[in-house]
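Some notes on the structure that comes next.
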Amino acid sequence: MISLDFEEITLISLTPFVMMMVYVWLWYIRIASIGSTLQSCWNLLAGYFLSLSLSILWVFLLRQAEIEPCFGDVVFLGFIIPLMLFDQRYYLLPDPAVFGLLWLGIFLAYLGYSPQDLDQSILGVIFGYGLMIAIYWLGYWRYRREAIGRGDVKFSAAVGAWIGVESIFNFLFFSALIGLVWAMFAWFKHKNVVKEGIPFGPSLGISGIIFYFIARFMTTY
């Protein structure tokens with residue numbers, strides 16, 4: 001039997017709760033109705049077990065890399081995964097949750113509960129936003145329409161608060177690579193999907209989780 005220490009038990013129990021609360025909050029922002037938000041006990045139960053599975057996977061990865069869990073993991077995963085799933089379903093990254101991820105990243109960097117120090121976190125926000133807004137306007141100038149959404153720009157800045165400025169270029173490169181693979185898969189499966197556009201938030205989120213894990217590893221060793 002695998003024994004868990006107190007920090008691992010806390011992460012596994014608390015992270016799914018935060019994920020569920022953030023996702024329900026996002027639902028409420030999207031449809032502004034508590035009754036519709038709590039669609040059914042089955043949906044909430046399925047969402048909880050998905051969140052629990054992701055939390056267990058995260059603890060497993062930390063243990064394999066011999067990294068101690070921390071409170072920042074709960075906050076980061078508790079916000080970024082619901083935002084990814086919400087964007088996948090609704091093509092929307094609500095500002096309140098995105099800015100919550102951003103400011104909590106800076107605040108926890110200040111308190112020392114993040115793999116980044118305060119300077120790296122703030123610079124990560126600045127460069128994450130600056131590079132993506134440049135891509136946004138370049139795409140708008142070239143195609144006369146939004147190539148990426150403004151929510152993606154702000155989401156990149158929020159992730160930058162957690163991964164720091166040194167990882168921003170690699171983070172955006174891998175986000176684009178993941179998005180390209182996803183678009184190719186979507187095109188082969190449903191050829192009209194790519195014409196309608198695909199959400200970029202999940203690609204940013206997956207890349208962000210990868211580089212957050214790398215940052216956690218680098219600060220441990």
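We use all heavy atoms of the structure for the numbers below, so side chains are in, but hydrogens, waters and symmetry mates are not.
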Exercise: identify the closest heavy-atom pair between [X] and [Y]:
X	Y	result
A176	F200	N-CZ, 4.1 Å
L93	G201	CD1-CA, 4.4 Å
S156	G128	CB-O, 4.0 Å
K154	F99	CD-CZ, 3.7 Å
Y212	G72	OH-C, 3.5 Å
V159	G208	CG1-CA, 3.7 Å

Do the side chains of [Y] and [X] get nearer than 4.5 Å, heavy atoms only?
X	Y	result
S51	L54	no
W25	P82	no
L85	M19	no
V153	I148	yes
D73	T15	no
I163	P115	no
S207	F171	yes
F155	L101	yes

Open item on the list: Quick check on E7: does its CD atom have over 12 non-hydrogen neighbours (other residues, nucleotides or ligands) under 6.0 Å away?
Closed with: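 For E7, atom CD is crowded (more than 12 foreign heavy atoms under 6.0 Å).
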
Task: Sole candidate of F174, F173, F76 that passes ring-ring contact (aromatic ring centres under 6.0 Å, His included) when paired with F211 - done: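 Checked F174, F173, F76 against F211; only one passes ring-ring contact (aromatic ring centres under 6.0 Å, His included): F174.
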
Could you tell me the separation between the [atom1] atom of [X] and the [atom2] atom of [Y], rounded to the nearest 0.5 Å?
X	Y	atom1	atom2	value
L123	L118	CG	CG	9.5 Å
M218	Q116	CE	CD	10.5 Å
L111	F71	CG	CZ	9.5 Å
E8	S55	CD	OG	12.5 Å
F79	L26	CZ	CG	8.5 Å
L50	M20	CG	CE	9.0 Å

Task: Centroid-centroid under 6.0 Å between W58 and F213 rings - done: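 Judged by ring-centre distance (under 6.0 Å), W58 and F213 do meet the cut-off.
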
Open item on the list: What verdict does the side chain to side chain contact (heavy atoms under 4.5 Å, CB included) test give for L102 and V98, after you've listed the backbone C-alpha separation in whole Å, the side-chain angles of each residue and the deciding distance to 0.1 Å?
Closed with: CA-CA 6 Å; L102 187 155; V98 172; 5.7 Å; no

Assigning hydrophobic clusters by single linkage (Ile, Leu, Val, Met, Phe, Trp, Tyr; side-chain heavy-atom cutoff under 4.5 Å), is [X] placed with [Y]?
X	Y	result
I133	L138	no
V75	L57	yes
I198	V181	no

TODO: Could you pull out all residues at least two apart from D5 that satisfy side-chain hydrogen bond (donor to acceptor under 3.5 Å, both in side chains)?
DONE: none

Task: L131: side-chain contact (heavy atoms from CB on, under 4.5 Å) partners, not counting sequence neighbours - done: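 For L131, the residues satisfying side-chain contact (heavy atoms from CB on, under 4.5 Å) (neighbours in sequence not counted) are I168, F169, L172.
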
Open item on the list: My understanding is that only residues two or more places apart in sequence, or in another chain, count here; which of them pass ring-ring contact (aromatic ring centres under 6.0 Å, His included) with Y129?
Closed with: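 Counting only residues at least two positions away or on another chain, Y129 forms no ring-ring contact (aromatic ring centres under 6.0 Å, His included).
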
Open item on the list: Test your reading of the model: is there a side-chain donor-acceptor pair from W162 to the backbone of A215, 3.5 Å cut-off?
Closed with: no

Open item on the list: Using a 3.5 Å distance criterion without hydrogens, assess whether the side chain of R216 forms a donor-acceptor pair with backbone atoms of E68.
Closed with: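 Between the backbone of E68 and the side chain of R216 there is a qualifying donor-acceptor contact (under 3.5 Å).
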
Open item on the list: Apply side chain to side chain contact (heavy atoms under 4.5 Å, CB included) to residues M132 and Y136 and explain how you reach the verdict.
Closed with: CA-CA 6 Å; M132 283 294 281; Y136 172 89; over 6 Å; no

Task: Stepwise side chain to side chain contact (heavy atoms under 4.5 Å, CB included) test for V165 and I126 - done: CA-CA 8 Å; V165 65; I126 294 171; over 6 Å; no

- [ ] Name the orientation class of the two ring planes belonging to Y23 and W27 (parallel below 30°, tilted from 30 to 60°, perpendicular beyond 60°).
- [x] perpendicular

